[in-house]
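Worksheet: the structure to be examined is printed underneath.
Note that the coordinates shown come from a computational prediction; the quantities given were computed from them, not determined experimentally. All values below were derived from every heavy atom in this structure, side-chain atoms included, with hydrogens, water molecules and symmetry-related copies excluded. Residue numbers begin at 1 in each chain, while the letters A, B, ... track the order of the sequences.
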Number of protein chains: 2
Amino acid sequence: MGFEGADPGTVRPGGRTARVRAAVLRAAGDALAEGGFAHLDLADIARRAEVGKTTVYRRWGTVTILMADLLMDMAEQSLPRTETGSLLGDLKANARLVQRTLADPRQGALFKAMIAAATCEAKTAEALRRFYDIRVKEWAPCVQQAIDRGEVPEGTDVHEVIRAVSAPLYYRLLTSGDRLDEAAADRAAEAAAAAARAGAYLRGQEGRV
Amino acid sequence: MGFEGADPGTVRPGGRTARVRAAVLRAAGDALAEGGFAHLDLADIARRAEVGKTTVYRRWGTVTILMADLLMDMAEQSLPRTETGSLLGDLKANARLVQRTLADPRQGALFKAMIAAATCEAKTAEALRRFYDIRVKEWAPCVQQAIDRGEVPEGTDVHEVIRAVSAPLYYRLLTSGDRLDEAAADRAAEAAAAAARAGAYLRGQEGRV
DNA sequence: CGATTAACGAAACTGGAGTCCCGTTATGGG
DNA sequence: CCCATAACGGGACTCCAGTTTCGTTAATCG
């Protein structure tokens with residue numbers, strides 16, 4: 001008697017199963033970028049992926065679970081980080097990378113949809129959190145280097161500085177219709193650098209008023 | 001022969017029509033706060049509002065249009081702005097207000113849902129944009145006063161400073177599961193103030209690298 | 001206060017998203 | 001290479017969100 005609790009796709013993950021997963025994730029990305037997260041249904045994704053809709057329902061079940069899987073997949077493809085030797089230079093490189101990603105029609109729509117989906121389902125929210133944790137950890141060392149150089153005060157929360165670069169770009173993407181241009185990216189980097197130098201991201205200041 | 005193009009609710013807006021609108025918007029807010037924007041259907045809202053579902057479908061038609069209406073309604077209820085005499089004090093007051101709103105279970109869920117809905121429908125996105133434009137314009141004068149006092153350089157984009165206060169709070173709300181506490185609010189205000197003083201929000205610097 | 005008709009609401013209807021059944025394909029172990 | 005069975009896929013089925021129909025209630029105007 002076999003172990004019936006095993007999820008489909010876990011016992012024979014090679015060959016066809018892997019091809020189906022790749023095709024479905026690809027199709028899901030296309031559909032999300034086009035129609036947004038609301039008018040998304042698994043039957044349509046199955047059609048695009050040229051896969052039986054039964055398969056999609058069996059392996060993923062709901063739109064939000066599929067999106068969590070897609071997010072995991074995206075998290076694995078990490079982009080190389082450049083080093084410029086100054087905090088402002090590094091933060092600008094990061095800001096430009098985020099800005100280019102969000103300004104790209106397909107990617108931008110994809111990220112918007114992901115954030116929307118995360119507001120609806122805990123599973124997806126958790127996947128999104130992990131995705132950004134990975135990205136933030138990748139870039140945090142450049143702030144540590146700035147601390148070592150004496151550019152930024154000791155005790156600065158390095159992760160918070162990286163998040164501060166992305167925050168205004170995402171805020172603009174989500175709450176205004178304005179285009180995300182390079183000026184916005186540079187401004188985000190400059191603001192984060194200036195605030196970090198001024199000691200705005202010091203840890204353990206919670207009690208202070 | 002009457003004008004057939006008039007939308008329902010526009011010719012006789014008083015009495016029952018107004019009561020129905022209030023009840024439906026109220027119910028929509030409750031439903032959003034509980035279930036999030038994905039598992040939302042108009043039939044359920046009609047039930048909560050003790051109103052015929054036909055009415056809801058006729059007057060709003062889709063979830064996103066209803067949410068746009070709810071957003072308009074929320075935009076009208078504006079909170080009074082306090083003045084403390086210093087840029088940091090004013091920005092902290094603003095940050096605390098935003099933080100309290102987003103940390104509140106009902107309101108926080110509501111805002112998340114609104115942002116999610118705006119990613120799916122242009123109409124809702126436009127309503128959301130207007131909502132934040134109003135809020136930002138309300139608070140911008142405190143930055144202008146800081147410019148007049150010489151705290152912040154001439155030529156600073158006052159709206160951008162206000163947005164910079166909210167951005168990290170919204171970013172945290174949407175991309176991490178962490179609680180929004182007062183420390184986060186204060187840090188957002190301090191960072192925005194420091195960056196503004198350093199001239200990070202000067203207008204017309206687009207060409208600069 | 002009475003007539004007009006805007007707006008509401010109950011009930012029947014419809015289409016398609018999501019489920020179930022069962023036959024087919026091809027993976028991975030022996 | 002072959003077998004057991006994991007995983008896929010077509011097609012029938014179900015169920016409910018959203019629509020249509022038509023009768024009822026009440027807002028506005030004189």
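Arg19(A) places its CZ atom 14 Å from the P atom of dA7(D), with the value rounded to the nearest Å. Rounded to whole Å, the distance from CG on Leu40(B) to P on dC16(D) is 17 Å. A straight line from CH2 of Trp60(A) to P of dA7(D) spans 12 Å, rounded to a whole angstrom. One atom, CG of Asp44(A), and another, C1' of dG18(C), lie 14 Å apart when rounded to the nearest Å. In this entry the distance linking CZ of Arg12(B) with C1' of dA27(D) reads 5 Å, nearest Å.
Take the nearest nucleotide of DNA chain D for Val11(B) and for Arg47(B): the residue whose nucleotide is more 5' is Arg47(B). Projected onto DNA chain D by closest heavy-atom contact, Gly15(B) and Ala43(B) fall at different nucleotides, the more 5' of which corresponds to Ala43(B).
Out of dG11(D), dA27(D), dG18(C), the shortest distance to the side chain of Thr54(A) is found at dG11(D). Listed nucleotides dG9(D), dG18(C), dG9(C) differ in distance to Val51(B); the shortest reach to its side chain belongs to dG9(C). The Val20(A) side chain lies nearest to dC8(D) when the options are dA17(C), dT28(D), dC8(D). Listed candidates were dC8(D), dA27(D), dT19(C). Nearest to the side chain of Thr17(A) is dC8(D).
Arg172(A) contributes a side-chain N or O that, together with a main-chain N or O of Arg179(A), makes up a donor-acceptor pair within less than 3.5 Å. No donor-acceptor distance shorter than 3.5 angstrom exists from the side chain of Ser166(A) to the backbone of Arg163(A), with no hydrogens or angles considered.
Distances shorter than 4.0 Å separate some side-chain N or O of Arg59(B) from OP1 or OP2 on dC8(C). Within the structure, every side-chain polar atom (N or O) of Arg16(B) is placed at least 4.0 Å from both OP1 and OP2 of dT28(D). Within the 4.0 Å cut-off from OP1 or OP2 of dG9(C), at least one side-chain nitrogen or oxygen of Thr55(B) is found. Between Tyr57(A) and dT19(C) there is no side-chain polar atom (N or O) within less than 4.0 angstrom of OP1 or OP2.
A salt bridge links Asp44(B) with Arg48(B): at least one charged nitrogen is closer than 4.0 Å to a carboxylate oxygen.
Considering Arg129(A), Arg135(A), Arg130(A) as possible partners of Asp133(A), the one that fulfils the salt bridge (Lys or Arg N to Asp or Glu O under 4.0 Å) test is Arg129(A).
With hydrogens and angles ignored, a donor-acceptor pair closer than 3.5 Å exists between the side chain of Lys53(B) and the base of dG18(D). Looking at Arg58(B), its side chain comes within 3.5 Å of the base of dG9(C) through a donor and an acceptor atom.
Using cut-offs of 30° and 60° on the angle between ring planes, the pair Tyr170(B) and Tyr171(A) is tilted.
Within the nucleic acid shown, Thr10(A) comes within 4.0 Å of sugar-phosphate atoms alone, with no base atom in reach, counting heavy atoms only.
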